There are 2 protein chains.
Amino acid sequence: MPRIVDHEERRKRLVEAVWALSFRGGIEQVTLRKVADEAGVSMGQVQHYYPSMQALVRDALERAVQAVNATIEDAVRAAGATDPETLLRACLYALVSPAEESLRLMRFGLAAAGRAASDPTMARLLAPGDDDLITFTAGLLSEARRERGGEPRGTEHLDADICWSVTLALGVDIALGHRSPDAAKALLDHHIEQVLDPERPAQHAAADCGK
Amino acid sequence: MPRIVDHEERRKRLVEAVWALSFRGGIEQVTLRKVADEAGVSMGQVQHYYPSMQALVRDALERAVQAVNATIEDAVRAAGATDPETLLRACLYALVSPAEESLRLMRFGLAAAGRAASDPTMARLLAPGDDDLITFTAGLLSEARRERGGEPRGTEHLDADICWSVTLALGVDIALGHRSPDAAKALLDHHIEQVLDPERPAQHAAADCGK
DNA sequence: CCGGTTACAGTGCAGCTGCATTGTAAAGGT
DNA sequence: ACCTTTACAATGCAGCTGCACTGTAACCGG
């Protein structure tokens, strides 16, 4: 019947405006008017697609989470059918990537997490999906250990959980500018080494893992 | 000459009002009027002690960081002269404590970190002091390993860094309500075990480290 | 007792906020 | 050709914001 437009495209554009604004001046700069300006549209359009500001920010967060997850899945797909260790590294690296897009997402994610600290409905968006990811990672850990000649330790699930915790913390550090992506990657490498091959002492003296 | 009051006491009261408000409704609820109300004083007083809202929040963050550090130091002092492993655990547990006060600080810290993501002057307040803490922790790790009959691995500094990263990530999870303090502690225990005694396989089957 | 300094309390204001409302142009079905 | 539905654009508004400003009461050295 009526005029038909691509809703998805509009929402995406608006959400990207939110990300951009938040990246530049913090989530507090995300207002109806500024989002409209950044997206090059009118306030009316923003209101047309989102009933409230909260809904906009929520959707922006949801899409940010999806985008990060997509980054990980892309990494898996790109790695293809290599050894599990390479795959594992590829997954984890996705969160400490120096790519600008990744940085934008992490920054917004952190800002949103700040809000989520006292907004349960937002916190839920940041919650781990269904720990499929952890289970998948645990599988990789298990295989990677076997490939290195180690025996299974039965703690893969916990180890995977910790792996992601470390990675997330490093991502936060990067977002805050406390660590360079390189330094984070180096530290992450050390941890992976430790997890995969606990017995081996220090091997690569780790050029610099400093800040 | 003039009327004399305890400046420190006033500022502390105001900052605690900021923490309380932020805990309840998020950092966005922290406004001049609400802070004044919460502290039971007038807006004029808030303005008298802080030239701007930014300054207030900054001071609140600075004091929150100090308070958390104090928590760690208290833990060290309380542990007294026990074995290094107990000391190490005491330090790390400070960040995943179920104490309400700790929760308030972590929540506010997370909210502030959200702002710090795009405010470098705030990010600096959250930056690691001078990695004295990491070095201290590395020392504990080293001693604890020796006590367990292990040989030094030369990676204690990196390991300590990772320890705190894990702990921080768990603290964030708790603040977001994604993990209970108990679950976090259990996972942290697993990691400590792993770090101190890499060779040993799984020992305590870890009742539940689930969410 | 008094001048001066400090420590507030109260008020006013310009600017911005989200949101409701109204107006209107475009498109498709009939 | 018309009518209905959609997709906006533009404007209005009440509420809140930080902050500047003014008033004033307490205190203390002299």
Side-chain angles (χ1 to χ4, degrees), chain A residues 1-22 24-61 108 111-112 114-116 118-119 121-122, chain B residues 1-22 24-61 108 111-112 114-116 118-119 121-122:
Chain A
M1 319 115 141
R3 189 171 164 199
I4 285 185
V5 300
D6 186 347
H7 289 214
E8 186 58 20
E9 182 265 338
R10 310 283 168 163
R11 288 185 214 267
K12 197 166 184 179
R13 174 194 292 230
L14 293 176
V15 163
E16 291 219 30
V18 170
W19 292 346
L21 282 173
S22 182
R24 263 189 262 135
I27 206 174
E28 62 208 352
Q29 296 293 329
V30 176
T31 71
L32 272 184
R33 281 159 247 265
K34 297 212 180 128
V35 168
D37 267 17
E38 178 77 21
V41 302
S42 76
M43 261 179 61
Q45 183 171 132
V46 185
Q47 289 193 95
H48 185 69
Y49 286 98
Y50 294 98
S52 72
M53 200 59 214
Q54 236 195 25
L56 211 198
V57 176
R58 244 196 280 274
D59 193 41
L61 177 54
F108 176 73
R115 291 217 167 165
S118 50
D119 179 348
T121 76
M122 271 227 168
Chain B
M1 324 110 142
R3 188 171 165 199
I4 284 184
V5 299
D6 185 347
H7 288 214
E8 185 57 20
E9 183 264 338
R10 310 282 168 163
R11 288 186 214 268
K12 198 167 182 179
R13 174 194 294 231
L14 293 176
V15 163
E16 290 219 28
V18 170
W19 292 348
L21 281 172
S22 183
R24 263 189 262 135
I27 205 174
E28 64 208 350
Q29 295 292 329
V30 176
T31 71
L32 272 185
R33 281 159 247 263
K34 298 211 180 130
V35 168
D37 266 16
E38 178 78 21
V41 302
S42 77
M43 263 180 60
Q45 183 172 134
V46 183
Q47 289 193 94
H48 185 69
Y49 285 98
Y50 294 97
S52 73
M53 199 61 215
Q54 236 197 23
L56 210 199
V57 176
R58 244 196 280 272
D59 193 41
L61 177 55
F108 176 73
R115 291 217 168 164
S118 51
D119 179 350
T121 76
M122 271 228 169

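We name chains A, B, ... by the order of the sequence lines, and we start the count at 1 in each one. Given the structure is predicted, the values throughout are model-derived calculations rather than measurements.
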Q. Would you say A:H48 reaches D:dA7's phosphate, i.e. side-chain N/O to OP1/OP2 under 4.0 Å?
A. yes
Q. Any side-chain N or O of A:K34 under 4.0 Å from OP1/OP2 of C:dT17?
A. yes
(Q) Taking the side chain as everything from C-beta on, heavy atoms only, tell me whether A:V57 gets closer than 4.5 Å to A:Q54. (A) no
Q: Not counting sequence neighbours, which residues clear salt bridge (charged side-chain N to carboxylate O under 4.0 Å, His left out) with B:R24? List them please.
A: B:E38
Q. Think B:Q45 has a side-chain N or O under 4.0 angstrom from the OP1 or OP2 of C:dA9?
A. yes
**Q.** Spacing between B:D6 atom CG and D:dA26 atom P, to the nearest angstrom
**A.** 20 Å
Q | A:L14 side chain reached by A:V41 side chain, heavy atoms, under 4.5 Å | A | yes
(Q) For the backbone of A:A60 and the side chain of A:W19, can you confirm whether one donor and one acceptor N or O come within less than 3.5 Å of each other? (A) yes
Q) What is the nucleic acid contact for A:V30, judged by heavy atoms within less than 4.0 Å: base, sugar-phosphate only, or nothing? A) sugar-phosphate
Q: Quickly work out the B:Q29 CD to D:dT17 P distance and round it to whole Å.
A: 8 Å
(Q) Ignoring hydrogens, what is the shortest heavy-atom contact between B:S22 and B:F108? Give both atom names and the distance. (A) OG-CD1, 3.4 Å
Q: Identify the heavy atoms of B:Y49 and B:V5 that sit nearest to each other, and give their distance.
A: OH-CG2, 3.4 Å
Q) With nearest nucleotides of DNA chain D determined for B:E28 and A:S42 from heavy-atom distances, which residue corresponds to the more 5′ nucleotide? A) A:S42
Q | Distance in angstrom units between A:Y50 OH and D:dC8 P, rounded | A | 13 Å
Q | Over 12 foreign heavy atoms within 6.0 Å of CZ, B:R13 | A | no
Q) Would you call A:D119 and B:E28 a side-chain contact if the rule is heavy atoms closer than 4.5 Å? A) no
Q | Base versus backbone protein contacts along nucleotides 19-24 of chain C [heavy-atom cut-off under 4.0 Å; B, S, -] | A | BB----
Q) Using rotation axes that map the C1' atoms of four end pairs onto the next four (five pairs an end), what angle separates the end axes of the helix from C:dC1-D:dG30 to C:dT30-D:dA1, to 10°? A) 0°
Q) For B:L21 and B:Q29, which heavy atoms make the closest approach, and how far apart are they? A) CD1-O, 4.2 Å
Q. So, is A:H7 close to the D:dA7 phosphate, meaning a side-chain N or O under 4.0 Å from OP1 or OP2?
A. yes
